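Inspection log for the structure reproduced underneath, given as structure tokens.
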Amino acid sequence: MDAASARADKRIKIENENACFGRQIGADMRSDSVKTGTGQAPHRSLFNALGYTEEERRRPLIGIVSSYNEIVPGHMNLDKIADAVKMGVAMAGGTPVIFPAIAVCDGIAMGHIGMKYSLVTRDLIADSTECMAVAHGFDGLVCIPNCDKNVPGLLMAAARLNIPTIFVSGGPMLAGRVKGAKKSLSAMFEAVGSGAAGTMTMEELCEYEEKVCPTCGSCSGMYTANSMNCLTEAIGMGLRGNGTIPAVYSERIRLAKQAGMKIMELVEKDIKPRDIMTEDAFMNALTVDMALGCSTNTMLHLPAIAHEAGVDLNLDIANELSAKTPNLCHLAPAGPTYMEDLNEAGGVYAVMKELTKLNLLKLDLITVTGKTVGENIASAVNRDETVIRPVENPYSATGGIAVLKGNLAPDSGVVKRSAVVPEMMVHEGPARVFDCEEDAIDAIKGGRIVAGDVVVIRYEGPKGGPGMREMLNPTSAIAGMGLGSSVALITDGRFSGASRGASIGHVSPEAAVGGPIALVEEGDIISINIPENTLNVKLSDEELEKRRAAWQPREPKVTTGYLARYRELVTSGNRGAILEIPGKK
């Protein structure tokens, strides 16, 4: 037999072995399309170029989506997480393959044009992950996000691709300490406002700057990143501790190895994201959201993820769930506790266990553990009732988020009710109207906003921004200047999870499409009633119609590049700011 014939016989033997292995894991492997068969000889030559052995090619190919970079503090440790995942995959018999996902640091992007590029990355992350996973025939995915848009972006990709997938985040930052008290990034932003008001010295401001962000990880309060990492657990796509184990703990490395091993079980059993992310699972996530007091950005991200999973998540259900779900946690910025405290108290599972006392969760749903929700949380214990209040003694009988409607927000507006002081739950005041974030900040820091005012920032929505910027700078300036208990802020943009106070975002329809927020004039009286879920401008229907007839669309702020394309495709905030081909629903 000549050498060519011998190689051919060897190749047939390997293909037969691959086919047998495929049957052993429950189905033909998706990666067979790039590694098995005579027609895939060129593909195998490229695997040879990568240094892969025949033994590695026989195994399931597991894509590891690493959001590692050197500009996001929550992502600077993800190389170590990815290495641990790789080890776990290899130990369990898979072949790990790392590829990247981009990430924007919302804190660094805050307050300038960079924030227009934050929310929009959610879709870039989802799209690029889809491209990589399909193009290379991965049998399963391990997603390693951490900060704001990477978690929902990768969950969207997982739901869209629907191949076995598990998540392991990079973990939260430890809280900083200033003069013996725990502090986080929200305190830093508010300190800038205090400096502008003259109530904090430059030396004190510098101390905050040096101490509030002491480690790597997602910022230490219940901001968007930590909210979404916790909800990844609640919805069943992450292992216990995914949302709460601090980034600097070695336990986080062990969790990553466990995730790497667990993906092989999910591939073997062919448990896919849409098996897990069902309508009932989204109801569980919303319920846990209300109990934790998560960021209002979850009201953008959960509908977008649900859309990819084929689930219609109408935000009208949020108030219904809130009405029966007690708010059990007041993490920063709502209160004095931090993610490390939630972790020590028992984490997300302990919160879920409390909610079972009121029969608020579906317990028979499958999760990435291979077990049901009920089985996962059976052993959970609330170890600190000052961090996770029992359902018998909640912070409030209703959930942490409220969806408001009225003639100013016919579709919806969203507020983090758990971070609103009691005296601002019902408020009326004159509108102070600004057509961009920068103008509002100048007015606030210039002392032109006074107690009782309602700051309206418009043309910052998904289309109007474009990109729906977060308004952490204005809310922090209001709080830092001592106006947090007397001034409200309303916008068609959105808020960082670090914002607190009567901050109502996602007002829909947005100004750029002629929503009522575009018709508000300086001095109009705005009426906010959070307990009754209403948001109105005190104008007659006739006056609003008169103003609508005179309204003219604004010229787009951006006309080239990705933001211009995004503006053409993005939908309203109340629909999750998803991208949609014009004319299609």
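On a predicted model such as this, the values are computed, not experimentally measured, just so you know. What you see below is based on every heavy atom in this structure, not just the backbone, and it leaves out hydrogens, waters and symmetry mates.
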_Under the criterion side chain to side chain donor-acceptor pair (under 3.5 Å), I'd like the reasoning laid out for Lys416 against Ser499: C-alpha separation, chi angles, the key distance, then a yes or no._
CA-CA 9 Å; Lys416 188 170 182 176; Ser499 291; over 6 Å; no
*Can you check side chain to side chain contact (heavy atoms under 4.5 Å, CB included) on Tyr338 and Met222, steps first, answer last?*
CA-CA 7 Å; Tyr338 296 82; Met222 187 53 79; over 6 Å; no
Please tell me whether [X] and [Y] have a donor and an acceptor in their side chains that are separated by less than 3.5 angstrom.
{"X": "Asn376", "Y": "Thr369", "result": "yes"}
{"X": "Ser379", "Y": "Tyr349", "result": "no"}
{"X": "Arg417", "Y": "Ser322", "result": "yes"}
{"X": "Ser67", "Y": "Asn150", "result": "yes"}
{"X": "Thr278", "Y": "Asp280", "result": "no"}

For the side chain of [X] and the backbone of [Y], is there at least one donor-acceptor N/O pair under 3.5 Å apart?
{"X": "Ser169", "Y": "Asn242", "answer": "yes"}
{"X": "Asn327", "Y": "Thr398", "answer": "no"}
{"X": "Glu233", "Y": "Val348", "answer": "no"}
{"X": "His307", "Y": "Pro303", "answer": "no"}
{"X": "Lys353", "Y": "Ala380", "answer": "yes"}
{"X": "Asp289", "Y": "Thr298", "answer": "no"}
{"X": "Thr215", "Y": "Leu174", "answer": "yes"}
{"X": "Asn229", "Y": "Ala225", "answer": "yes"}

*asked:* If you apply the rule side chain to side chain donor-acceptor pair (under 3.5 Å), what do you find for Asp139 with Ser31, and how did you get there?
replied: CA-CA 6 Å; Asp139 298 298; Ser31 58; 2.6 Å; yes
[X] [atom1] to [Y] [atom2] distance, which is reported to the nearest 0.5 Å:
{"X": "Thr287", "Y": "Leu361", "atom1": "OG1", "atom2": "CG", "result": "6.0 Å"}
{"X": "Leu302", "Y": "Ile235", "atom1": "CG", "atom2": "CD1", "result": "6.5 Å"}
{"X": "Ser412", "Y": "Arg575", "atom1": "OG", "atom2": "CZ", "result": "12.0 Å"}
{"X": "Cys131", "Y": "Leu124", "atom1": "SG", "atom2": "CG", "result": "10.5 Å"}
{"X": "Leu239", "Y": "Arg254", "atom1": "CG", "atom2": "CZ", "result": "13.0 Å"}
{"X": "Leu300", "Y": "Met228", "atom1": "CG", "atom2": "CE", "result": "10.0 Å"}

_Within 45° cone of Phe138 ring axis and under 6.0 Å: Arg30 NZ or CZ_ =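 So Arg30 doesn't make the cation-pi contact.
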Is the count of non-hydrogen atoms from other residues, nucleotides or ligands lying under 6.0 Å from [X] atom [atom1] greater than 12?
{"X": "Met76", "atom1": "CE", "result": "no"}
{"X": "Glu375", "atom1": "CD", "result": "yes"}
{"X": "Glu392", "atom1": "CD", "result": "yes"}
{"X": "Lys371", "atom1": "NZ", "result": "no"}
{"X": "Lys86", "atom1": "NZ", "result": "no"}

Hey, is [X] close enough to [Y] for a salt bridge, meaning N to O under 4.0 Å?
{"X": "Asp270", "Y": "Lys272", "answer": "yes"}
{"X": "Glu340", "Y": "Lys182", "answer": "yes"}
{"X": "Glu55", "Y": "Arg59", "answer": "no"}
{"X": "Lys211", "Y": "Glu207", "answer": "yes"}
{"X": "Arg122", "Y": "Asp148", "answer": "no"}

Which atoms form the tightest heavy-atom contact between [X] and [Y], and what is the distance?
{"X": "Pro390", "Y": "Asn382", "value": "N-ND2, 4.4 Å"}
{"X": "Leu78", "Y": "Gly170", "value": "CD2-CA, 3.4 Å"}
{"X": "Ala175", "Y": "Pro214", "value": "O-CG, 3.5 Å"}
{"X": "Leu342", "Y": "Cys329", "value": "CD1-SG, 4.4 Å"}
{"X": "Ser295", "Y": "Ser496", "value": "OG-C, 4.5 Å"}
{"X": "Ile401", "Y": "Cys294", "value": "CD1-O, 3.6 Å"}

*Going through the distances and angles, do Arg160 and Thr129 end up as a side chain to side chain contact (heavy atoms under 4.5 Å, CB included)?*
CA-CA 10 Å; Arg160 186 187 302 173; Thr129 301; over 6 Å; no
Note, [X] side chain near [Y] side chain (heavy atom, < 4.5 Å):
{"X": "Thr95", "Y": "Ile62", "result": "no"}
{"X": "Ile108", "Y": "Ile71", "result": "yes"}
{"X": "Ile530", "Y": "Val420", "result": "yes"}
{"X": "Ile377", "Y": "Leu363", "result": "yes"}
{"X": "Met110", "Y": "Glu470", "result": "yes"}
{"X": "Ser218", "Y": "Cys147", "result": "yes"}
{"X": "Tyr223", "Y": "Ser186", "result": "yes"}
{"X": "Met339", "Y": "Met173", "result": "no"}

*asked:* Would Arg469 and Thr491 count as a side chain to side chain donor-acceptor pair (under 3.5 Å) here? Give the steps.
replied: CA-CA 10 Å; Arg469 288 195 287 182; Thr491 182; over 6 Å; no
*asked:* Please evaluate residues Ile102 and Ile125 with respect to the criterion side chain to side chain contact (heavy atoms under 4.5 Å, CB included), reporting the C-alpha separation (whole Å), side-chain torsions for both, the decisive distance (0.1 Å), and the verdict.
replied: CA-CA 7 Å; Ile102 65 167; Ile125 292 160; 4.0 Å; yes
*asked:* Met237 and side chain to side chain contact (heavy atoms under 4.5 Å, CB included): which single residue from Leu154, Ile166, Thr165 fits?
replied: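 One option only clears the test, and that one is Thr165.
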*Start with the C-alpha distance between His506 and Asn297, add both sets of side-chain angles, then the distance that settles side chain to side chain contact (heavy atoms under 4.5 Å, CB included), and finish with yes or no.*
CA-CA 9 Å; His506 312 184; Asn297 281 314; 4.2 Å; yes
*Would you please indicate if the ring centroids of His330 and Tyr395 are separated by under 6.0 Å?*
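Judged by ring-centre distance (under 6.0 Å), His330 and Tyr395 do meet the cut-off.
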*salt bridge (charged side-chain N to carboxylate O under 4.0 Å, His left out) between Arg500 and Glu190, worked out*: CA-CA 10 Å; Arg500 61 187 176 97; Glu190 291 180 14; 2.7 Å; yes
